[in-house]
Amino acid sequence: MRILVTGSFRISHEQIDKLSQLGAQVTFHADERAAVENPESYEAVVCNGLFLYHKIEEFTNLRFIQLTSAGFDRVPMDYITAHGIEIANARGVYSLPMAEYALFGVLNLLKQGRFFYENQKDHLWEKHRGLQELCGKTVCIIGCGSVGTECAKRFMAFGCHVIGVDLYPRDDANFEHIAPLEQLFSCLQKSDIVVLTLPLTKETHHIMNAQAFENMRRGAILVNIARGAVLDTSALIEALQNKLGGAVLDVFEEEPLNAQSSLWGMENVLITPHNSFVGENNSERLWNVIFQSFQKFLGEDIR
């Protein structure tokens, strides 16, 4: 089997050898935007945004896709399903750093991190009497998959009441309860902190809109580590100006975030450049996922 591995995963010579031992012939393609020679020769690809720049129809013998992302929103799923192409995502690879980031962002706002940082730069000794406690607050996690579950574990460890909203509710010891999507507004109404970890689909596009923000508590904090388009940016800006206590934003509808966006200047907003997934152990976790996927796929293929 010929496998195309793109620069979304910096595969080592040792890792190529391990795939070769499974019967694979590996080609490394550093830039997903660059032309791919003989795409029809590849039966499998390891990629992220490859099909944003190349027509999947040109990969006429493609049978398996291993994504280096957790989401499926950067690949043509209708075509993949229609042609019986197997696909696997990087489930669990980025969950730990993203959950830690969500906790960091909330604590940064509650403990007035910006205030103390600015005072430190100015060598200014000034107390702040408005610090808040995380313990006892209700946290609503919208999207209770791998990332959402890791978030739930960490907020619960800080003494929070953690509830979830998901398309497929279930019993889970990491949540006090998980409600169906139809109960989103009622969950928002009783939550101090709302964390978005749900995938971007046609159903979830702008799920956090003006009506959703109206149902959030005054002073509540919103965290978005999902995809930018799960919320309506204009509605968010208005809510931040009139109702919300703050927001922790790692993803945006348009990236990079426009330099003229009013979000940059808001003191109750923490902005990072789609960076929450970064952690020093990602490469090891991703390689384990990739190798296990090909072990399974090639094993079944051989049989």
Side-chain angles (χ1 to χ4, degrees), residues 1-98 145-147 199-202 226-227 229 251 255 274-303:
M1 167 178 277
R2 291 198 64 191
I3 302 173
L4 181 71
V5 179
T6 74
S8 62
F9 178 67
R10 295 289 177 175
I11 193 167
S12 68
H13 293 297
E14 292 78 12
Q15 290 165 344
I16 290 176
D17 289 341
K18 287 188 176 182
L19 288 177
S20 298
Q21 292 169 16
L22 297 177
Q25 181 182 347
V26 178
T27 298
F28 182 67
H29 186 72
D31 186 355
E32 291 190 324
R33 295 174 175 82
V36 177
E37 293 185 11
N38 304 315
E40 71 283 354
S41 66
Y42 296 105
E43 297 173 81
V45 296
V46 177
C47 67
N48 182 354
L50 181 68
F51 300 118
L52 298 177
Y53 313 107
H54 306 279
K55 293 181 178 179
I56 194 171
E57 292 84 358
E58 296 176 352
F59 293 74
T60 52
N61 288 304
L62 189 61
R63 296 191 290 128
F64 180 68
I65 299 170
Q66 172 63 61
L67 296 175
T68 59
S69 62
F72 294 92
D73 52 297
R74 293 165 65 83
V75 291
M77 284 304 299
D78 290 343
Y79 180 94
I80 290 166
T81 301
H83 288 78
I85 300 170
E86 291 191 40
I87 187 167
N89 68 343
R91 178 179 172 82
V93 170
Y94 311 109
S95 302
L96 297 181
M98 291 177 71
S146 178
V147 176
L200 176 61
T201 65
K202 293 177 182 177
R227 286 289 189 264
V251 289
E255 296 182 358
H274 206 141
N275 213 96
S276 65
F277 69 94
V278 176
E280 72 270 25
N281 297 312
N282 282 352
S283 293
E284 181 181 354
R285 285 190 292 265
L286 183 54
W287 165 245
N288 289 336
V289 167
I290 291 170
F291 187 68
Q292 289 170 15
S293 289
F294 278 106
Q295 274 186 315
K296 180 175 182 294
F297 183 78
L298 289 171
E300 292 178 350
D301 190 43
I302 291 170
R303 288 194 294 274

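Just so you know, these numbers come straight off a predicted model, no measurement behind them. Note that these values count all heavy atoms, side chains included, but never hydrogens, waters or copies made by symmetry.
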Spacing of Asn281 atom CG and Leu286 atom CG [to the nearest 0.5 Å]: 12.5 Å

Parallel, tilted or perpendicular: rings of Phe64 and Phe294 (30°, 60°): perpendicular

Interatomic distance, Phe291 atom CZ to Gln21 atom CD [nearest 0.5 angstrom]: 7.5 Å

Minimum heavy-atom distance between Ser146 and Ser95, given as atom pair plus value: OG-OG, 2.6 Å

Modelled atom types, side-chain donor and acceptor of Asn282 and Arg285, under 3.5 Å: yes

Interatomic distance, Glu40 atom CD to Glu58 atom CD [nearest 0.5 angstrom]: 9.0 Å

Residue pair Met77, Ile87: steps toward the side-chain contact (heavy atoms from CB on, under 4.5 Å) verdict: CA-CA 9 Å; Met77 284 304 299; Ile87 187 167; 4.0 Å; yes

Ile65 side, atom CD1; Asn89 side, atom CG - distance, nearest 0.5 Å: 12.0 Å

Nearest heavy-atom neighbours spanning Glu57 and Thr60: O-CG2, 3.4 Å

Check: Glu32 side chain, Asn48 main-chain N or O, donor-acceptor pair, under 3.5 Å: yes

Polar side chain donor-acceptor pair, Ser41 to Arg2, under 3.5 angstrom: yes

Residue pair Leu200 / Asp73: nearest heavy atoms and the distance that separates them: O-CB, 4.0 Å

Closest heavy-atom pair and its distance - Ile3, Ala24: CD1-CB, 3.4 Å

Side chain proximity check, Thr201 to Phe72, heavy atoms < 4.5 angstrom: no

Side-chain donor or acceptor of Gln15 paired with backbone N/O of Ser12 under 3.5 Å: yes

CD/Glu284: more than 12 non-hydrogen atoms of other groups inside 6.0 Å: no

Worked check of ring-ring contact (aromatic ring centres under 6.0 Å, His included) between Phe59 and Phe51: CA-CA 10 Å; Phe59 293 74; Phe51 300 118; 5.4 Å; yes

Crowding at CD, Glu37 (>12 non-hydrogen neighbours, <6.0 Å): no

Aromatic plane relationship, His274 with Phe277 - under 30° parallel, 30 to 60° tilted, over 60° perpendicular: perpendicular

Heavy-atom side-chain proximity of Gln66 to Phe9 below 4.5 angstrom: no

Heavy-atom check, side chain of Ile11 versus side chain of Leu19, under 4.5 Å: yes

Closest non-hydrogen atom pair, Gly71 against Ser69: O-OG, 3.1 Å

Sidechain-backbone polar pair: His54 side chain, Ile56 backbone, donor-acceptor under 3.5 Å: no

Side-chain heavy atoms of Thr68 within contact of Cys47, under 4.5 Å: no

Derivation and outcome, side-chain contact (heavy atoms from CB on, under 4.5 Å), residues Lys18 and Trp287: CA-CA 11 Å; Lys18 287 188 176 182; Trp287 165 245; 4.0 Å; yes

Distance-minimising heavy-atom pair for Arg10 and Phe28: NH1-CZ, 3.7 Å

Side chain His29, main chain Ala34, donor-acceptor under 3.5 Å: yes

side-chain contact (heavy atoms from CB on, under 4.5 Å) evaluation trace for Val45 with Thr6: CA-CA 8 Å; Val45 296; Thr6 74; 5.8 Å; no

CA sep, side-chain torsions, deciding dist, call: Leu50, Leu4, side-chain contact (heavy atoms from CB on, under 4.5 Å): CA-CA 10 Å; Leu50 181 68; Leu4 181 71; 4.2 Å; yes

Side chains of Val289 and Arg91 in contact at under 4.5 Å (non-hydrogen atoms): no

CG on Leu22 to CG on Asp17, rounded to 0.5 Å: 11.5 Å

